[in-house]
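Here is how names work: the chains are called A, B, and so on, in the same order as the sequence lines, proteins then strands, and each is numbered from 1.
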Amino acid sequence: MAVSVDEAVSTGPGRDHTPPARRSGGRGRSVLEVALLAVLAVVMLFPALWMIETSIKENRDVYAIPAKFFDFTVTLEHFKDVFVASGGRSALSVSFLNSVVVAGVSTALATVLGVPAAWAYSRFSVKAKKDQLFFILSTRFMPPVVVVIPIFLMYRQVGLIDSKLGLILIYAAFNVPFTIWMMKGFVDEVPAEYEDAAMLDGYTRLQAFWRYTLPLLLPGIAATAVFALIFSWNEFVFAIFLTSSDTVRTAPPAIAGLIGGTTVDWGLVAAASVVFALPVLVFAYLVRKHLVAGVTLGAVRR
Amino acid sequence: MGTVAVQGLRKSFGKVQALDGVTLDVPDGSFFVVLGPSGAGKTTTLRAIAGLEKLDAGSVHLDGRDATGDAPAERDLAMVFQSYALYPRLTAYENIASPLRARRCSSSEIAAAVERMSSLLHIERLLQRRPAQMSGGEMQRVALARALVRRPRAFLMDEPLTNLDLKLRVEMRTELTRIHRSLGATFIYVTNDQVEALSMADRVAVLKDGKVQQVGTPAEVYERPANQWVAGFVGSPQISLLPCHAEGDRLVGAEGWTLPRPRWSTAEDGRPLVLGLRAEDLSVEQRGDASLPGELYGLEPLGDRTVVDVQVGTEILKVKARPTFTGTPGERLHVTVDLDRAHLFDAGTGLALSEAGR
Ligand SMILES: Nc1ncnc2c1ncn2[C@@H]1O[C@H](COP(=O)(O)OP(=O)(O)OP(=O)(O)O)[C@@H](O)[C@H]1O
Ligand SMILES: [Mg+2]
């Protein structure tokens with residue numbers, strides 16, 4: 001049942017790419033285009049490059065004025081500090097572990113709930129289906145910062161404040177609508193007749209789904225889960241409002257917490273940020289075609 | 001046992017009334033063909049019998065027992081889908097084996113059954129291929145094999161031969177009739193091809209716009225079409241239809257021609273009628289007392305016969321002639337009519353006039 005990511009990515013909505021139209025200049029890109037793109041790339045990438053540089057500089061080079069771009073001493077001390085502290089594991093490493101648990105479990109939860117729901121919405125005639133789907137989507141319209149206070153109050157009542165379970169639930173709640181919407185598109189692409197045929201073969205509807213539809217959905221599930229994972233991994237607002245102790249906190253508030261004391265250890269901040277960004281980069285690379293498809297879908301299709 | 005009886009099936013998709021009170025009685029062991037043009041509701045009828053479609057009204061009885069609410073798996077039917085619906089990730093072998101696996105047959109039983117089916121349908125060399133690696137006709141045969149591999153109460157087949165080339169289709173027709181006879185099982189077979197219906201069926205139900213137009217043996221449907229539409233849909237070349245009315249003992253055409261009125265026809269004088277004449281009941285070669293004057297419009301040589309198009313007034317009659325028949329367009333000729341075999345329909349309702357006196 002192993003799914004290669006390329007396979008995962010190629011069955012999505014953005015499948016039938018037409019090659020980009022030939023540019024008016026004829027052969028390749030013009031000099032102006034290259035220059036503009038280069039400037040843009042430098043501007044966009046500079047903060048990331050600076051972060052990576054800072055993470056491998058010695059402290060005196062970090063604070064050196066004028067800033068050193070090339071001739072600094074390379075060190076991996078900061079990365080060591082991210083993971084180990086004098087007593088053993090560092091608080092940061094605990095928060096990374098929390099992030100892994102929270103993002104992983106909430107994504108699994110959203111997938112387990114969202115995929116069958118998407119299947120049901122795709123296969124069955126439901127009363128006011130469009131309204132229901134719109135309602136599901138509308139739960140995503142609200143920016144987290146708008147709902148975080150009421151949720152904070154509710155969580156305090158039920159004892160979910162400052163717990164990983166609380167974060168897992170809220171992230172899953174945000175990811176379920178997304179999973180339903182994205183997966184419904186994938187389910188729609190799988191002909192319902194495979195299930196019909198399986199039912200005539202003698203399977204129940206659920207067996208038919210499990211045996212014949214689900215395997216065809218795996219690439220879509222992988223892509224959807226990656227998006228949910230990235231959301232949960234990056235989430236900051238809920239994390240900072242709903243958790244406070246070092247043992248519960250996820251990485252985003254923990255890294256933010258490094259800034260703001262009397263002195264800021266920028267090397268550590270940069271190294272922690274690099275470690276934090278790495279999984280997102282890897283995952284974003286895996287679903288890059290879907291990211292582009294999401295942006296251009298409206299433009300390409302009708 | 002394998003009787004299927006559906007009663008008053010109704011099903012609409014939004015504004016489209018796909019089934020509008022379909023009632024069918026399929027006797028045990030019969031080869032029952034549902035014939036109709038595209039969009040008539042044939043697939044929807046089969047899906048309703050299989051339990052795949054939620055009905056607005058009506059009931060499905062299998063072997064006399066009400067099965068209207070039963071799940072498809074409980075109905076013990078096998079179906080060949082119009083789109084094949086072969087499982088894309090499985091090989092042909094696994095596709096054919098699927099109904100047996102669902103019933104937990106042993107793998108030696110499965111191997112034997114798949115082998116039997118593959119030699120019957122000549123698909124031995126396809127067994128290790130996936131659907132994507134097969135042609136449409138090959139997939140269709142695998143789909144047939146998947147249905148035939150077990151002994152269900154009845155087989156439902158949705159246009160199983162449409163994608164085969166002509167030669168293979170004719171072969172498979174004979175083959176399917178043979179399989180049907182050797183199994184003695186009930187077949188409900190959907191097609192839009194009237195030749196297939198007439199050549200294979202024990203009984204034919206003609207369906208149009210979700211309504212059953214006529215049920216009968218192929219001969220009945222061909223010889224005694226219940227209405228003008230059935231007469232036009234069944235038979236090739238198409239039946240010729242001429243507007244007319246009765247006047248005393250004569251039929252008078254809209255174009256002024258007259259024919260002796262068939263003895264059995266009971267319509268009162270002046271009522272608008274349509275006279276239906278099949279190509280084989282017309283002749284341009286021999287003269288009789290009942291004939292229509294016209295001129296030669298065109299010739300379609302078909303090898304074993306020639307279809308002569310004759311213009312009578314504004315209508316074109318299709319007349320069957322010997323393959324050696326020749327003529328030049330514009331040439332005047334007489335079409336002799338075998339009035340004993342003619343059909344009369346009410347022009348308003350399209351229904352056939354009572355042929356009780358025939
Ligand atoms: N799932 C559906 N949603 C909407 N309309 C449908 C659906 N299934 C069938 N219809 C409509 O119901 C009518 C009957 O369809 P059906 O598939 O039964 O026709 P058919 O006789 O099998 O035609 P064909 O020979 O083309 O297969 C058609 O007008 C069709 O458009
Ligand atoms: Mg059909």
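- For A:V226, the side-chain contact (heavy atoms from CB on, under 4.5 Å) partners are A:I230, A:F283, A:V287, not counting sequence neighbours.
- Ranked by heavy-atom pairs under 4.5 Å with chain A, the list B:R75, B:E74, B:R146 is led by B:R146.
- For the atom pair OH (B:Y87) and OH (A:Y212), the distance works out to 4.5 Å, reported to the nearest 0.5 Å.
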**Item:** salt bridge (charged side-chain N to carboxylate O under 4.0 Å, His left out) assessment of A:D196 paired with B:R47
**Value:** CA-CA 9 Å; A:D196 295 341; B:R47 291 175 57 86; 2.9 Å; yes
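- Taking a 6.0 Å sphere around CZ of A:F135, one finds it holds 12 or fewer heavy atoms contributed by other residues, nucleotides or ligands.
- Of residues 133-144 of chain B, not one residue has a non-hydrogen atom less than 4.5 Å from any non-hydrogen atom of chain A.
- Scanning residues 6-28 of chain B against chain A with a 4.5 Å non-hydrogen threshold yields no residues.
- The nearest pair of heavy atoms linking A:L200 to B:R150 is O-NH2, 3.8 Å.
- Each of B:P72, B:A147, B:A78, B:A50 has some count of heavy-atom pairs under 4.5 Å with chain A, and the biggest count is that of B:P72.
- Of the two parts of A:A198, the backbone and the side chain both hold a non-hydrogen atom closer than 4.5 Å to a non-hydrogen atom of chain B.
- Environment of CD in B:E115: sparse, with no more than 12 heavy atoms of neighbouring residues, nucleotides or ligands closer than 6.0 Å.
- Atom CG of residue B:L77 and atom CE of residue A:M199 lie 12.5 Å apart, to the nearest 0.5 angstrom.
- No more than 12 heavy atoms of other residues, nucleotides or ligands lie within 6.0 Å of NZ in B:K54, so this atom counts as exposed by the packing criterion.
- Of all heavy-atom pairs between B:A85 and A:A197, the closest is O-CB, 3.9 Å.
- For residues 91-106 of chain B, the interface with chain A (any heavy-atom pair closer than 4.5 Å) comprises B:S98, B:P99, B:R101, B:A102, B:R103, sorted by residue number.
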